[in-house]
Amino acid sequence: MTGTNSGQMKLGAFLMAGGHHIAAWRHPDAIANAGVNIDHFIELARMAEAAKFDMVFVEDAAAIRERDPDLASQGARSTMFEPLSLLAALAVNTSHIGLVATASTTYNEPYGLARAFASLDQLSGGRSGWNLVTSASELEAENFVSSGLRPHAQRYERAEEFAGAAAALWDGVDSDAHTISDGVYADPAKLHPVDHHGKHFTLTGILDSQRSPQGRPIMVQAGASEAGKNLAARTADVVFTAAQTIEEAQAYYADLKSRMPAFGRKPDDLKILPGISPIVANSQSEARAKYEALQDLIPDEVGVALLASYLSIKDLSQYPLDGPLPEMPATDGIQSRQQLIVDQARRENLNIRQSARKFAGARGHWQLIGTPMQIADRLEERFLAKAADGFNIMGAYFPGALKDFIDLVLPELRRRGLFRTEYEGKTLRGNLGLSIPERAV
Ligand SMILES: Cc1cc2nc3c(=O)[nH]c(=O)nc-3n(C[C@H](O)[C@H](O)[C@H](O)COP(=O)(O)O)c2cc1C
C-alpha cells in the first residue's frame, strides 16, 4: 500500500464543538449546544467523508477546560462528548473516514485503552486512530492525583511504556487466529499472551478482540518536546503540530523525520499534518470581513484568559493590555505553544491584547484568510517545501468554515492534483498509504 497516493496531501478535519475560534459559539450561524449535539457531529463527519478527508479528529482533556471565571462564563469548550463514545457513534454513521480520538497515557491503563481502540477498529472496519497525549493540564491532574500535574519527564516515561504495552496487546492476536471453522473458534497457537513487567505497568493478558482490520489502530501524536518528538519518531503514524511560519514548520518536519531511521523507520512512514484555520471567501475583502466579524465577538477578558492559560500565567490581566508580554517562567504544560506565542509577539511586535486576539482564532495554529486561490497557493507551497504532508483543518466555526473550505478550496487543490477524488483504501491506514507495522512481540 505504501506510496499509492504519495504526491497528494492528507487531510484531517479537527472537530471542536461550535468551532475553533474562542467566540465561535456566539457566531450567528453557530449551533449553541454543539458540544453535546450528536446530529451536529454526524453532519460534520459525513460532510468531511463526502469530501474524502482522511480522518476526523477529536481532542480531549478529562476536565472542564476553563478555571478562569472570564473564560468559564464564555466557555463553549466546557461541554463536549467523551471522544471514544462520540467516535463509536460516528463509526456507524460513516463508512470510509478515519476516526481519531485523543486519550491520555497519564490517566488510563494500557489494557483499557488498547481494548477501547481495538473495539473502535472493529466497529468501524479498520478506521480508528489514537491521538496519544500525556496531558499537560493542571485541571485534569486535579481530577486524578492529589499531588498535582506530574513532571513532563515522568509523563513521557509512562507514555513510552504505555505505547509499547498497547502495541504488544494489539499484536498478541494473529490476523488468522480466529478461524471459526471446523469446530475451532480460535487457534491457541496464534494468540500470544503479553508478558509485560515494567516500571509503570504489569500485564499478562490477551486482548478479547480479533486482529484489527488495519493491523493496529493508527497512532497519532502532537509532541513538540525532545521526549515528545522521540516518542513520535518511534511510534507515530501521524503527527499534528502548530506552526506559524514556513521556516518553523520546515524545521519541525526535518527534525522529526530525521529521528526516524534510528528507530528503523523511513521518513514516509509518518505523516506530519500542521493545524490550519482557513477563512475563505471569493474575494480577499470578503474573507477579511468574515474574520473581523468573528474577532469582534471576542471580549478582551476572554481572549486574555485563554492566552494566559497557554502561557501558564495565573493573572495576565494585571499587566497593561497595551504593553508587551511579561517575562515568564518555562511551563510544565505545553512548552512549545508558550514559545510560539512569545516568538510571534516578538516577530510581529504585538502587545498583550493583540497577541490574545490572534491566539483566540486558532490557539496558535496557522490562520489563513483569503481567496481559494491564495489559500491553495500557500498550502501547496508548504506541502512542496517539506513543511507538511497535509493539514489538519480547524474550522473557525461549524459547519460554515469547514463547508467553505470544502466547497471553495478543495476543488482548487484537486485541480492541481494535490488531493484525492476517491478513497484509495477501506481502512484509515490504507488511505494514509501506510503499511501494517511489524509485530512488536
Ligand atoms: C493539533 C494538536 C492537538 C492537540 N490535542 C491535544 C489534546 O486533545 N489533549 C491534550 O492533552 N493535548 C493535546 N495537544 C498537546 C500535545 O499533546 C502536546 O502536549 C503538546 O504539543 C506539547 O508537546 P510536549 O508535551 O511534547 O511538550 C495537542 C497538540 C496539537 C498540536
Side-chain angles (χ1 to χ4, degrees), residues 10-17 20 35 55-65 77 80-84 86-87 100-108 113 129-144 149-160 162-163 219-236 238-244 248-249 252-253 255-256 259 271-277 309-312 330-341 359 361-367 388-395:
K10 306 297 169 199
L11 290 183
F14 185 166
L15 307 185
M16 162 88 79
H20 284 274
M55 65 193 99
V56 291
F57 163 56
V58 181
E59 60 131 47
D60 193 42
I64 198 156
R65 301 303 162 83
R77 298 199 304 151
M80 182 59 195
F81 288 119
E82 182 285 314
L84 274 155
L86 171 61
L87 292 187
V100 177
T102 298
S104 172
T105 52
T106 302
Y107 305 121
N108 287 290
L113 271 196
W130 170 22
N131 177 36
L132 181 163
V133 298
T134 65
S135 301
S137 133
E138 285 178 13
L139 289 167
E140 285 179 279
E142 287 168 16
N143 288 335
F144 295 90
L149 183 61
R150 290 187 188 132
H152 192 272
Q154 256 182 43
R155 300 201 308 269
Y156 268 104
E157 184 191 88
R158 182 180 161 105
E160 286 274 353
F162 199 121
M219 295 296 290
V220 181
Q221 243 196 277
S225 59
E226 283 300 297
K229 285 187 283 198
N230 284 334
L231 180 60
R234 194 166 66 77
T235 62
V238 172
V239 163
F240 297 144
T241 172
Q244 287 291 328
E248 272 167 28
Y252 180 84
Y253 186 101
D255 178 5
L256 191 48
R259 294 171 193 246
K271 307 295 175 194
I272 299 180
L273 309 188
I276 64 153
S277 180
S309 71
Y310 276 80
L311 291 173
S312 298
T331 171
D332 227 355
I334 303 185
Q335 292 160 1
S336 56
R337 208 69 65 86
Q338 185 189 53
Q339 194 59 46
L340 182 147
I341 296 165
F359 194 74
R363 302 184 307 287
H365 294 269
W366 191 30
Q367 293 180 89
D389 294 312
F391 300 94
N392 200 18
I393 308 301
M394 303 169 61

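Side chains are part of it too, since the values below use all heavy atoms of this structure and drop only hydrogens, waters and symmetry mates. Nothing fancy with the numbering, it's 1 onward along the sequence. Each ligand, and each atom within it, is numbered from 1 in the order the structure gives.
Looking from atom 23 (O) of ligand 1 to the surrounding protein, the closest heavy atom is Ala224 N, 3.0 Å. Closest protein heavy atom to atom 5 (N) of ligand 1: Asn131 ND2, 3.9 Å. Ranking the protein heavy atoms by distance from atom 24 (P) of ligand 1 puts Tyr156 OH, 3.3 Å first. The closest protein non-hydrogen atom to atom 12 (N) of ligand 1 is Val133 CG1, 3.7 Å. Atom 31 (C) of ligand 1 has as its closest protein heavy atom Arg337 NH2, 3.5 Å. For atom 21 (O) of ligand 1, the nearest protein heavy atom (residue, atom name, distance) is Ala222 O, 2.6 Å.
Atom CZ of Arg155 sits about 5.0 Å away from atom CG of Leu149, to the nearest 0.5 Å. Put simply, CD on Gln244 and CD1 on Ile341 are 10.0 Å apart, with the number rounded to the nearest 0.5 Å.
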Item to check | Pair Ile393-Ile276, side-chain contact (heavy atoms from CB on, under 4.5 Å): steps then yes or no | outcome: CA-CA 5 Å; Ile393 308 301; Ile276 64 153; 3.7 Å; yes

Checklist entry - Taking it one step at a time, do Asn143 and Tyr107 satisfy side-chain contact (heavy atoms from CB on, under 4.5 Å)? => result CA-CA 9 Å; Asn143 288 335; Tyr107 305 121; over 6 Å; no

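Nearest-residue assignment for atom 9 (N) of ligand 1 (options Asp60, Val58, Thr106; heavy-atom criterion): Asp60. Summarising the contacts of atom 15 (C) of ligand 1 with Leu231, Ile334, Leu340, the nearest heavy atom is found in Ile334.
The N/O atoms of Thr241, backbone and side chain alike, include none that comes under 3.5 Å of an N/O atom in ligand 1. At least one N/O-N/O distance between His152 and ligand 1 falls below 3.5 Å. Between Ser225 and ligand 1, a contact under 3.5 Å exists for at least one N or O pair.
Those atoms of ligand 1 with a heavy atom of Thr102 less than 4.0 angstrom away are 7 (C), 8 (O), 9 (N). In the vicinity of Gly223, heavy-atom distances shorter than 4.0 Å reach the ligand 1 atoms 23 (O), 26 (O). Less than 4.0 angstrom separates some heavy atom of Gly228 from each of these atoms of ligand 1: 26 (O).
The aromatic rings of Tyr310 and Phe359 lie perpendicular to each other, with more than 60° between the two planes, well past the 30° mark.
In this structure, Met394 does not count as a contact residue of ligand 1, since none of its heavy atoms falls inside 4.0 Å of the ligand.
Judged as a side-chain hydrogen bond (donor to acceptor under 3.5 Å, both in side chains), and not counting sequence neighbours, the contacts of His20 are Arg363. The side-chain contact (heavy atoms from CB on, under 4.5 Å) check on Ala243 picks up Glu248, Ala249, with sequence neighbours excluded.
At least one side-chain heavy atom of Asn230 sits under 4.5 Å from a side-chain heavy atom of Arg259. A heavy-atom distance below 4.5 Å is found between the side chains of Tyr156 and Ser225. Here the side chains of Val238 and Met55 are in contact, with some heavy-atom distance below 4.5 Å.
Contact annotation: for Gln221 versus ligand 1, there are no heavy atoms closer than 4.0 Å.
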